[in-house]
Each structure stands twice: as C-alpha cells, then as structure tokens.
Amino acid sequence: MLLSQYPINTLKETPSEAEVVSHQLMLRAGLIRRVAAGIYAWLPFGLRTLRKIETIIREEMDRAGALEVLLPAIQPAELWQESGRWGEYGPELQRLKDRHERDFVVGPTHEEVITDIARRELRSYRQLPVNFYQIQLKFRDEVRPRFGVMRAREFIMKDAYSFHLDAASLAAGYDAMRVAYTKMFQRMRLDFRVVQADTGAIGGNASEEFQVLASSGEDAIAVSDADGYAANVELAPALPPTTPRPAPREPLERIATPGARTIEQVCAAVGVTPERCVKTLIVAGTAAGAGGAGATGPARAADAAGTAGATDTAGAADIASARATPLVALVLRGDHELNAVKAQKLPGVANPLRFALPAEIEAATGSPPGFIGPRGLAGVTIYADHAALALADFVCGANERDAHLRGVNWGRDLPEPLAADLRNVISGDPSPAGGGPLRIARGIEVGHIFQLGRKYSEALKATVLDEAGNSVTMLMGCYGIGVTRIAAAAIEQNHDERGIIWPDPIAPFHVVLVPLNLQKSPQVRAVADALYQELQAAGIEVLYDDRDERPGVKFADAELLGVGHRLVVSERGLAAGALEYRHRRAGASEQFPRAAAVEFIRARLQL
RNA sequence: CGGGGUGUAGCUCAGCUUGGUAGAGCGUUUGGUUCGGGACCAAAAGGUCGCAGGUUCAAAUCCUGUCACCCCGACCA
C-alpha cells in the first residue's frame, strides 16, 4: 500500500478522551475514531489488524471442527421471553420496537437464536456433537463504556455454541475449545493465562477465562506460580485459617468514637490495626430468607436461589418497602475486601448483591452506617468470613452512633455466626491447590469458555432423539472471544514510548518501506519501487511510505503505527549496494545486500 | 444510576474570577530554503465559543435549563 494514497492523519498529541495506552495509540495511529460513547469506527489500518485477528480465530475454529454461521444482530423479543432473559437481563439489553410496535433486542449474545436454530435443525443424536460459531457485532449498553475498544458498547465478538447428547461429549467439546483458544492466543503472541472463572449471568457449570496479562487490566486474577493455580479473584477461594481462634483475654468495652466511620478512622480512634477490626456490611436479603429463624438451613437454600432473580430493587423513598426488605450482615476483617460474587451465592442473600440503603440500615439497627457491628443485630442473618471468625478480642461497631466496641469475642459476647468465604484473596494467601502463596495479577479478559448445560436448551425445548428413540434435551457449551478487545490487549502488551509494536501475525503490514529523499533521487526511487514490487510478489505485505516527507516524520509515523520490520532505502546505502533493516524492537540498524531483500525479510518474519 | 469534571479552530489548550476587538502551539494550504529522527522563513484559510432561553446598552465570560463527552464506584468479550 502506498502511504501517499492514505488520507488518515496520525496525531502528535494525545486526544484528551483517551486514558489507557492502547486507546491513546489507536487514536494517534489512526486505527479507530470515536463516533459516540463506547461506539467506534475502524479505519483501514485498524481494520487490517482486526481482519488478521479474525483470520487466526477462523482458522483455529475451523480446525477444531466448528461451523461458521451468521446470526441476526436484531432478534425478536419472543425468544428472549422464552428463555426468561427478557425480564432478567438488565438495562444492558438494548430493546427496540419496529414500526408495528413489535419488540426486538439488539443482540448482546446469541444463545437464544442459536438454540432456536438448533431445535429446528437438530433432530437426531447422529447430528451431534456440533459447534456453530460466528464473528459478529454485539451491543451491550454498558453503564460505563471505557478504555476505547477495550470496553465498548458495540464490539465484535466471536461466539460459538456447541450441542451435545451427554456430559462426556460436552466436556470433550469444551476441552477442544480450550485447546483451540490456547492455540489462537499463542499465534497472536499474547502473554495470557487460562483462569478458573465465575459463570456469572450466563449461567452454567465449568468456566474458564483467557486473561491477557496487563497492568491496565480490569480483572484481578489470583496466580500461584508454585502449583500453576490461576483463577479470577471473583472465584478464588480464601482458605480458612489453619490456626484455631485464641481464647478471649480482654473484657468487652464500649468506646466513644465520634465521627469514626471508616476502618482507618476507627483504628486511629481506638488505637488498633485494621486486622484487629471487623467491618459489618449490610446487604439486601431475599424474601425466602426473611421467613424467620433457621432460614439459612440447607432446606431453604434452594428456595432462596429460586427466587433470587425476582428480588425487588425498590427506590429509597419507599420506607415501607425498605422496612419490609430482609437484611443480611456480612462480617469481614478490617483489612479484607468483600467478594460480591461469593456473597451473592449465599442462601438468603439477594442476587445480584445490593447494599442496604442508609434508611434500611438505620431502621434495622438503630444506628447510621459506620457504627454497625454484629453484636445485638436482631432479626438479621449474620455471615462472618473465616478470617473474621478467627479473631479474638476484636473491634467492631456498637450499633449506636459514635460508638464502637473493643474486646469483642464470638461465643462469649455474641452468638457464633454462620461461617462463609466472603472475601477476595490477597497476595500471600495460600493457594487453594496447595502449592505456595498466591499473587494477584491484572488481566484483560479476551476469551471465556463455558459448559452451559441445559439452561437454554431446556427453556427453548431443544431436544433430539437418542439411540433408544427417547427425546433428550441437548447439553450446550458456549465460547466467546472479544475480537476488538484483542487488538487493544495486544497493544497494552506491545508498545513503547514511541508507539505500537505489533506482533507480526496481527500487524497491519509485515514491512514498512521507507525511502529517504525519494523525490530528489531517481536512484532511490527506482530501487524502492522495485523492492515494493518484489516483496509484494513474494507475498509480503508492504506499506510503502512514498510521501514527500522528511526522514524524521516517516520514522516517527512508522514507529507509531508499529509495523515490526523497517526497510530503509537511501542514497548513502545504495552507494555501497546495501539496504538498511531494523526491527521495531531493535536499538540499531543493520546493512544487507540489496539483491537479497526478499530472502532477508522472509527470514525475519515471524508469522 | 450515584459522585466528580469538561464542552472555545481538525488536535492539545489559554481566555471566564472582575462582561466590551476570539487567542497560542500543533495540523492544513501556498511560495521559498531544507532533507538520516516529528525542519526553517513568509503568507493564508479555518470558530454562530455544545445547544436553548434569560439578565444586560453589551455575554465565550453572569443566571436557568438542556444535550454530549470524560473520570471514580456495581456488570462483561
């Protein structure tokens, strides 16, 4: 491609809207432009990279035996009503009406549509297993789109759905996808980890995420280098302390703590460290959990889970409803952080997790937020994290304005609460796999694989006949990749102060050809033109900077755009019969004979 | 949705406190000189100051409303 024919400008200054490096560089290099919040246009250079990413995905999906389809972006509400997600899926689901006032959605994902196809097309176990995939635009009306294409509202996703007769087949299909994904991300030269993950709103059983490691990543992942354990922090279990709780030594004592609402303030007022304190978070419970004493037993657990989706999220103004909402207290050690995913799975806790409103807290405890403690909380289910439960002589709120308690002991001063894993693991916690301490890394989720089970096939009655002629509900797996996000993730991992450094397999071009003094030197022109033809004829993708620009401008743009291999043609070099080569990561250039150009470049491409 | 902030030239921003001629750098155009690391000189184009009301002799500036965008918290590829 001739750069003189390309009208998109690079930017010297960083647009103020961009926060993270990948976003800044994508805008500066002219890969993307913002059209609206979380909605981007892909310009030619950006699209070239996007297409390369898609090609790698396609090749590996095809190799794994998956079949490509293209499903509609606009989907009828009926399918979503049938699966139940018309009501469950929140405001992220973009709903719209056609001219006849019929309801539709802009697809955020395609389980409903593909299951609808599957139930029509698949009649026999002989047609299974099968895996359908597509690469297509999705729309999710994110609360807060951010970081350019990393968290956009409209984005391109590769989504795949597999159908199986039995669990063994599903597991095999799932494993095949894990292998295919691993291969793809390896081919893209990404530094990633496969981590255990929460199944989230989509539901299902086994689930793993593919996380590209980057400090700007939005996900925290717990990694143990000793035993290979890796999990999203949302899911990583915090093991209970192995040492037993010490015996009480201090007397229970009330302390005036005027205005001390945060753990830091309480510690300062009382004179202890955060790990000697306990914080009590009040969250909404479920109607099932409100029944009365013993509501948290296993028999009620199924009940609670069953009604979780129906939890009312009434406004603060409605005091009557606020009083009616059952509450649950979650108790954590002062230096620990609540893990919402773990908490909302507990019996009696509303899912999704919702913090109680100040009015609700005051109505239930008689104290404003900031002075709440587990002692004397009547009619509230109390869960204590294992670490909080292991404390003796701890500090907590007194359920009274401007007062805390110290020397508090479970069993002695208040009943033993229910024990649970409520917190995020932190660096240094023991690995659940048993091998050494965990460390916390940041990751960008570029892929996610699930064993869905029968959630959608059951709702949409997707069945086949088995060998015995019985109607069997199919098992499903689903497998997503954030295609547009990969481009951003790759830049997060591959850049320097001068710009992008694309890995060869996803670079918009293989080589950038930079002739110096092109307009004045017929010799440079002749050689550069010839090289352009030769390299292209050899199947090498060349960006030919034939602009009438000074060398500095050409070098700066080439480095910003991030093409890995640079070829310089100059009068100085040609006098010695040589060309100049430099890798984007290299500190210096090397000379090589002009006649060997094609072989020289080919030997250095790592595709 | 809650909290914080910003809308002035294609981009980055100043001007607003204290109302009175719309500015700089980069980019763009033309001419010239340059030509191995984002050149220099000269000239030029380019803005209904987000939008709508209001106050005032006079509004980028003050007031009200509205829209858009960005940042911090709960969701996800």
Side-chain angles (χ1 to χ4, degrees), chain A residues 7-20 23 27-28 30 33-39 57 89-93 108-109 135-160 181 197-202 209-212 218-219 232 234 283 313 315-316 338 340-341 344 352-355 357 444-450 478-489 498-499 514-521 524 548-560 566 568-573 580 582 589:
Chain A
I8 305 300
N9 292 76
T10 54
L11 307 176
K12 238 188 244 184
E13 284 167 300
T14 302
S16 56
E17 71 196 62
E19 186 81 357
V20 296
H23 190 194
L27 288 169
R28 286 225 288 135
R33 292 289 183 252
R34 190 180 62 79
V35 173
I39 298 177
I57 293 172
Y89 215 111
E92 285 78 33
L93 180 62
T109 176
I135 295 177
Q136 192 229 27
L137 278 175
K138 299 280 187 269
F139 189 88
R140 295 182 188 175
D141 196 5
E142 296 277 350
V143 188
R144 191 150 98 78
R146 204 170 359 178
F147 303 152
V149 298
M150 206 131 103
R151 169 165 307 280
R153 292 194 294 173
E154 186 186 82
F155 59 99
I156 295 176
M157 174 161 143
K158 189 286 301 177
D159 48 328
Y181 275 34
D198 182 55
T199 50
I202 298 181
E209 290 168 349
F210 288 72
Q211 294 274 1
V212 167
E218 293 188 89
D219 289 340
N232 194 306
E234 287 179 347
V283 300
T313 49
L338 175 70
V341 170
Q344 68 197 8
L353 192 76
R354 194 200 113 220
F355 283 99
L357 305 163
I444 300 165
E445 182 188 352
V446 292
H448 201 159
I449 57 178
F450 289 90
C478 78
Y479 319 94
I481 291 181
V483 178
T484 35
R485 183 181 281 181
I486 287 175
R498 289 178 299 188
V514 182
L516 303 187
N517 209 4
L518 180 70
Q519 268 62 19
K520 294 279 173 58
S521 166
V524 167
D548 183 15
E549 287 290 353
R550 295 162 58 86
V553 173
K554 294 188 177 189
F555 292 150
D557 276 343
E559 282 157 358
L560 177 59
R566 186 181 82 186
V568 174
V569 183
S570 67
E571 286 185 302
R572 186 197 293 174
E580 183 184 309
R582 181 148 159 191
S589 305

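Each chain gets a letter, A, B and so on, in the order its sequence line appears, and its residues count up from 1.
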* Which part of the nucleic acid, if any, lies within reach of Gly90(A) when heavy atoms closer than 4.0 Å are counted: base, sugar-phosphate only, or nothing? -> nothing
* Which part of the nucleic acid, if any, lies within contact of Glu549(A), taking any heavy atom under 4.0 Å across all strands shown: a base, the sugar-phosphate backbone alone, or nothing? -> nothing
* Structure fact -> Separation of rA77(B) atom P from Tyr479(A) atom OH, nearest Å, is 14 Å
* Asked: When the distance from CD of Glu92(A) to P of rA74(B) is rounded to whole Å, what number comes out?
  -> 14 Å
* At their closest point, which heavy atom of Asn9(A) faces which heavy atom of Arg33(A), and how far apart are they? -> O-NH2, 3.3 Å
* Structure fact -> Of the listed rC35(B), rG36(B), rC75(B), the closest approach to the Arg151(A) side chain comes from rC75(B)
* Sugar-phosphate, base or nothing in reach of Arg28(A), heavy atoms under 4.0 Å -> base
* Asked: Can you tell me how far P of rU30(B) sits from CG of Asp548(A), to the nearest Å?
  -> 12 Å
* Please report the shortest heavy-atom distance between Tyr181(A) and Phe210(A), naming the atom on each side. => CB-CZ, 3.4 Å
* **Asp198(A) CG - rC75(B) P separation (whole Å)** => 10 Å
* To do: Pick base, sugar-phosphate or nothing for Arg34(A), based on heavy-atom distances below 4.0 Å to the nucleic acid.
  => sugar-phosphate
* For atom C1', what is the distance between rG27(B) and rA45(B), given to the nearest Å? -> 13 Å
Check nucleotides 1-4 of chain B against the protein and report each pair of N or O atoms closer than 3.5 Å, with its distance, or say if there are none.
none

* Measure distances between side-chain N and O atoms of Glu580(A) and base N and O atoms of rG36(B), and say whether any donor-acceptor pair falls under 3.5 Å. => yes
* Base partner of rA24(B), which must satisfy Watson-Crick or wobble distances under 3.5 Å -> rU12(B)
* Between Glu445(A) and Gln211(A), is there a donor-acceptor pair closer than 3.5 Å when you use the side chain of the first and the backbone of the second? -> no
* To the nearest Å, give me how far apart NZ (Lys158(A)) and P (rC76(B)) are. => 18 Å
* Interatomic distance at P, rG46(B) relative to rU33(B), whole Å -> 28 Å
* To do: Of all the heavy-atom pairs spanning His23(A) and Phe147(A), show the shortest one and how long it is.
  => ND1-C, 3.9 Å
* Asked: Just checking Lys520(A): base, sugar-phosphate only, or nothing, at a heavy-atom cut-off of under 4.0 Å?
  -> base
* Interatomic spacing from CG in Asp557(A) to CZ in Arg28(A) - rounded to 0.5 Å -> 9.5 Å
* Base, sugar-phosphate, or nothing: which does Arg582(A) touch, judged by heavy atoms less than 4.0 Å apart? -> base
* Asked: Is the shortest side-chain N to carboxylate O distance from Arg566(A) to Glu559(A) below 4.0 Å?
  -> yes
* To do: Determine the Euclidean distance between corresponding C1' atoms of rA59(B) and rC51(B); express it in Å to zero decimal places.
  => 15 Å
* **Base-pairing mate for rG2(B) - Watson-Crick or G-U, with both contacts under 3.5 Å** => rC72(B)
* Asked: In whole angstrom, what separates Lys12(A)'s NZ from rG25(B)'s P?
  -> 13 Å
* To do: Indicate, with a heavy-atom threshold strictly under 4.0 Å, whether Asp159(A) touches base, sugar-phosphate, or nothing.
  => nothing
* Asked: Roughly how far apart are Glu218(A) CD and Arg151(A) CZ, rounded to 0.5 Å?
  -> 4.0 Å
* Mind checking the CD-CZ spacing from Gln136(A) to Phe155(A)? Nearest 0.5 Å is all I need. => 10.0 Å
* To do: Identify, between Thr10(A) and His23(A), the residue whose nearest nucleotide on RNA chain B lies closer to the 5' end.
  => Thr10(A)
* **Check: Arg566(A) side chain, rG36(B) base, donor-acceptor under 3.5 Å** => no
* Nearest to the side chain of Leu516(A), which nucleotide is it out of rG36(B), rC76(B), rG38(B)? -> rG36(B)
* Structure fact -> Partner of rG7(B) under the Watson-Crick or G-U wobble criteria, both distances under 3.5 Å, comes out as rC67(B)
* Asked: Planes under 30° and centres closer than 5.5 Å, is that true for Phe155(A) with the base of rA77(B)?
  -> yes
* **Arg140(A) side chain near rC76(B) phosphate (N/O to OP1/OP2, under 4.0 Å)** => no
* Using both distances under 3.5 Å as the test, list the Watson-Crick or G-U wobble partner of rG47(B), or none. => none
* To do: Using the closest heavy atom to pick a nucleotide of RNA chain B for each, name whichever of His448(A) or Phe555(A) lands nearer the 5' end.
  => Phe555(A)
* Using the C1' atom in both, what is the distance from rA14(B) to rG31(B), to the nearest Å? -> 31 Å
* Determine, stepwise, if the pair Val568(A) / Phe555(A) fulfils side chain to side chain contact (heavy atoms under 4.5 Å, CB included). => CA-CA 10 Å; Val568(A) 174; Phe555(A) 292 150; 3.9 Å; yes
* To do: Describe the nucleic acid contact of Ala558(A) in one word from base, sugar-phosphate, nothing, applying a heavy-atom distance below 4.0 Å.
  => nothing
* Rounded to whole angstrom, note down the P distance from rC62(B) over to rC16(B). => 10 Å
* What distance, rounded to whole Å, do you find between the two C1' atoms, one in rU8(B) and one in rG25(B)? -> 15 Å
Polar atom pairs (N or O), protein with nucleotides 9-13 of chain B, under 3.5 Å:
{"unit_1": "rC11(B)", "atom_1": "O2", "unit_2": "Glu13(A)", "atom_2": "OE1", "d": "3.4"}
{"unit_1": "rU12(B)", "atom_1": "OP1", "unit_2": "Ser16(A)", "atom_2": "N", "d": "2.8"}
{"unit_1": "rU12(B)", "atom_1": "OP1", "unit_2": "Ser16(A)", "atom_2": "OG", "d": "3.3"}

* To do: For rG19(B) versus rU55(B), give the span between their C1' atoms, rounded off to a whole number of Å.
  => 11 Å
* Asked: Once you round it to whole Å, what is the distance between P of rA74(B) and OH of Tyr89(A)?
  -> 18 Å
* To do: For the pair Thr484(A) (side chain) and Ile156(A) (backbone), establish whether a donor and an acceptor sit closer than 3.5 Å, ignoring hydrogens and angles.
  => yes
* So what's rC40(B) paired with, Watson-Crick or G-U wobble, going by both distances under 3.5 Å? -> rG32(B)
* Geometric cation-pi criterion Arg140(A) and Tyr89(A), 6.0 Å radius, 45° cone -> no
* Structure fact -> In this structure, CD1 of Ile486(A) is separated from CE of Met157(A) (nearest 0.5 Å) by 11.5 Å
* Which value, rounded to the nearest 0.5 Å, describes the distance between Arg153(A) atom CZ and Asp141(A) atom CG? -> 5.0 Å
* To do: Name the orientation of the base relative to the sugar in rU21(B): syn if the glycosidic angle is within 90° of 0, else anti.
  => syn
* **Nearest-angstrom distance from the residue atom CZ of Arg146(A) to C1' of rC75(B)** => 10 Å
* In whole angstrom, give me the gap between the P atoms of rC11(B) and rU21(B). => 25 Å
